*Asks:* 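Let me give you the structure first, and then I'll get to my questions.
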Amino acid sequence: MRIVKEIVKFGLVEILNTFLSLFIIFMLMNYFHVSYVLSNLCGYIVAVINSFIWNKLWTFYGKGSIKTDFAIFMVIFIICYLAQLGLLIFLKEVLTLSVDISQILAMIFYMILNFIGQKYFAFNKKYA
């Protein structure tokens with residue numbers, strides 16, 4: 001039952017992160033004409049800070065030190081982000097999907113990887 005609670009809480013945090021990052025991404029792309037790759041990075045930077053705070057304190061109740069949890073969290077973020085960015089570029093450049101659809105699909109992929117990484121590594125008591 002605990003895993004269901006964590007998935008729901010993580011989902012709520014990710015919904016907030018999704019809206020926050022998509023807002024930043026689409027604002028930068030569509031109103032400030034920033035490249036889709038740089039817009040994507042900016043959106044994820046803001047969301048990752050929000051995600052760490054909410055998931056440490058509320059979703060997984062991370063008991064480790066902030067420094068240790070944040071270091072592991074950032075390694076997981078970088079791995080997930082690079083996998084997401086690779087998929088984004090593949091969808092946009094190779095499959096020639098629209099940049100908006102590519103951003104959304106890559107974000108869903110990122111959320112799945114990120115949940116696994118946070119649950120089993122960043123906020124796992126074994127690694128804290």
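Just so it is clear, the model here is predicted, and its values are computed rather than measured.
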*Asks:* So, taking the atom named CZ in F73 and the one named CD1 in I49, what distance separates them when rounded to the nearest 0.5 Å?
*Replies:* 9.5 Å
*Asks:* Say you draw a straight line from CZ of F121 to CG of D69; how long is it, rounded to the nearest 0.5 Å?
*Replies:* 14.0 Å
*Asks:* Between F77, F60, F70, which is the residue that forms a ring pair (Phe, Tyr, Trp, His ring centres under 6.0 Å) with F52?
*Replies:* F70
*Asks:* Drop me the distance from L57's CG to I53's CD1, to the nearest 0.5 angstrom.
*Replies:* 7.5 Å
*Asks:* Do side-chain atoms of K63 reach the backbone of F123 as a donor and acceptor pair under 3.5 angstrom?
*Replies:* no
*Asks:* Flag the pair W54 / N50 as yes when at least one side-chain heavy-atom distance between them is below 4.5 Å, and no otherwise.
*Replies:* yes
*Asks:* Quick one: pull up CD1 in I104 and OG in S98 and give me the separation to the nearest 0.5 Å.
*Replies:* 7.5 Å
*Asks:* What's the spacing between F115 CZ and I76 CD1 if we round to 0.5 Å?
*Replies:* 12.0 Å
*Asks:* Is the backbone of S35 close enough, under 3.5 Å, to the side chain of S39 for a donor and an acceptor to pair up by distance?
*Replies:* yes
*Asks:* Once salt bridge (charged side-chain N to carboxylate O under 4.0 Å, His left out) is applied, do any residues pair with K92, and if so which ones, sequence neighbours excluded?
*Replies:* none
*Asks:* Taking the hydrophobic residues Ile, Leu, Val, Met, Phe, Trp and Tyr, and joining any pair whose side-chain heavy atoms are under 4.5 Å apart, which ones share a cluster with V75?
*Replies:* I79
*Asks:* Could you give the side-chain donor-acceptor pairs of residues 3-16 under 3.5 Å, partners two or more places apart or in another chain?
*Replies:*
residue : atom : partner : partner atom : Å
E6      : OE1  : K119    : NZ           : 2.6
E6      : OE2  : R2      : NE           : 3.2
E6      : OE2  : R2      : NH2          : 3.3
K9      : NZ   : W58     : O            : 3.2
K9      : NZ   : Y61     : OH           : 2.6
E14     : OE2  : N17     : ND2          : 3.3

*Asks:* Taking transitive links into account, so neighbours of neighbours count too, which hydrophobic residues share a cluster with L87 at under 4.5 Å side-chain distance?
*Replies:* F90, L91, V94, L95, L97, I101, L105, F109, L113
*Asks:* Out of curiosity, S21 OG to I45 CD1, how far, rounded to the nearest 0.5 Å?
*Replies:* 12.0 Å
*Asks:* List in chain and number order the residues that pass side-chain hydrogen bond (donor to acceptor under 3.5 Å, both in side chains) with Q103, two or more places apart in sequence or in another chain; answer none if no residue qualifies.
*Replies:* N40
*Asks:* Is there a side-chain contact between V99 and M29, using heavy atoms and a 4.5 Å cut-off?
*Replies:* yes
*Asks:* I need the minimum non-hydrogen distance between S51 and Q118, along with the two atoms involved.
*Replies:* OG-NE2, 3.4 Å
*Asks:* Is there any ring-ring contact (aromatic ring centres under 6.0 Å, His included) pair reaching into residues 19-46, and which pairs are they, with sequence neighbours excluded?
*Replies:* Y44-Y81, Y44-Y110
